[in-house]
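Only heavy atoms go into these numbers, but all of them, side chains included; no hydrogens, no water, no symmetry mates.
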Amino acid sequence: MLRSILGVVAGFIVMSVLVMVLFLALAFSLGADGVFQPGSFKATAMVDFASLGISLIAALIGGWLCSLIARKRTPVLVLAGAVLVFGLISAVMNVSKPEPGLRDPTLKPFEVMEQARAKSKDTNWVGFCFPLIGAAGIMLGGGCMGCCKKK
């Protein structure tokens with residue numbers, strides 16, 4: 001039982017850290033004008049697609065780690081289910097967020113990041129793809145898709 005709980009918690013923490021680190025690397029490599037559309041806090045199409053890839057990578061690793069620690073399928077399914085449910089709730093909440101408004105072009109990079117946390121909004125279709133890709137990636141990484149049977 002303890003291994004199962006530890007597997008779910010460790011998988012979630014590793015996924016969260018990976019997403020943050022990879023998003024920061026993406027943001028620093030592209031800069032504010034590469035991440036956001038001109039004069040806006042809306043993400044560019046390239047960032048939308050890159051974020052889906054980042055989510056898949058993190059989910060695969062999180063599912064694999066959960067499976068490695070727990071040594072059972074059930075904790076992987078619990079992690080995938082939690083990501084799916086909480087991700088869908090987040091996506092629904094994202095739809096009701098107000099539009100972010102205009103971005104002042106004179107802001108320094110750290111000021112942009114500070115304001116982006118409060119003002120940015122995921123593209124609606126991307127927001128709904130995150131939990132689906134996350135859950136599928138966790139199950140695939142954890143070996144629950146049937147294609148990578150454990151011996």
Side-chain angles (χ1 to χ4, degrees), residues 4-70 75-145 147-148:
S4 298
I5 294 169
L6 184 61
V8 171
V9 171
F12 184 79
I13 289 171
V14 166
M15 283 177 16
S16 299
V17 169
L18 276 173
V19 166
M20 284 189 275
V21 168
L22 293 174
F23 269 113
L24 278 174
L26 179 67
F28 279 117
S29 66
L30 295 177
D33 292 331
V35 172
F36 300 111
Q37 296 174 9
S40 172
F41 283 102
K42 289 183 180 179
T44 62
M46 183 183 75
V47 170
D48 282 342
F49 285 107
S51 65
L52 296 174
I54 288 170
S55 296
L56 179 61
I57 291 167
L60 288 167
I61 293 171
W64 170 79
L65 182 64
C66 180
S67 176
L68 183 71
I69 292 171
V76 176
L77 296 173
V78 168
L79 179 59
V83 166
L84 182 65
V85 169
F86 291 120
L88 288 174
I89 290 169
S90 177
V92 168
M93 290 173 43
N94 181 67
V95 170
S96 64
K97 271 177 100 172
E99 288 301 315
L102 299 176
R103 178 171 51 96
D104 183 0
T106 62
L107 291 175
K108 294 182 171 99
F110 285 105
E111 293 170 326
V112 171
M113 285 176 29
E114 176 99 8
Q115 289 189 15
R117 270 188 278 175
K119 294 184 178 183
S120 69
K121 176 181 176 178
D122 289 331
T123 308
N124 288 337
W125 69 268
V126 172
F128 283 98
C129 284
F130 282 139
L132 300 174
I133 288 174
I138 289 166
M139 290 177 57
L140 185 62
C144 293
M145 298 291 261
C147 62
C148 307

*Calculate, to the nearest 0.5 Å, the distance between atoms CG and OG belonging to Leu77 and Ser67 respectively.*
10.0 Å

*Can you name the nearest heavy-atom pair linking Gly134 to Ala59, along with the distance?*
O-CB, 3.3 Å

*Answer whether the closest heavy-atom distance between the side chains of Leu132 and Leu84 falls below 4.5 Å.*
yes

*Say you draw a straight line from CG of Leu6 to CG of Leu65; how long is it, rounded to the nearest 0.5 Å?*
8.5 Å

*Do any N or O atoms from the side chain of Ser90 and from the backbone of Phe86 form a donor-acceptor pair under 3.5 angstrom?*
no

*Calculate, to the nearest 0.5 Å, the distance between atoms CD1 and CG belonging to Ile133 and Leu140 respectively.*
12.5 Å

_CZ-CD1 distance between Phe49 and Ile54, expressed to the nearest 0.5 angstrom_ = 14.0 Å

_Ignoring hydrogens, what is the shortest heavy-atom contact between Ala27 and Val35? Give both atom names and the distance._
CA-CG2, 3.8 Å

*Is there side-chain contact between Met15 and Ile61, with at least one heavy-atom pair below 4.5 Å?*
no

*asked:* When you compare the side chain of Leu52 with that of Leu56, does any pair of heavy atoms fall below 4.5 Å?
replied: no

*Identify the two heavy atoms, one from Ala50 and one from Leu26, that lie closest to each other, and give their separation to 0.1 Å.*
CB-CD2, 3.9 Å

_Any heavy-atom pair between the side chains of Phe128 and Val92 that's under 4.5 Å?_
yes

*asked:* With a 4.5 Å cut-off on side-chain heavy atoms, are Ser51 and Phe23 touching?
replied: yes

*Determine the minimum heavy-atom distance between Ala43 and Gln37, stating which atoms define it.*
O-NE2, 3.3 Å

_Nearest 0.5 angstrom please: Ser4 OG to Leu79 CG, how far?_
12.0 Å

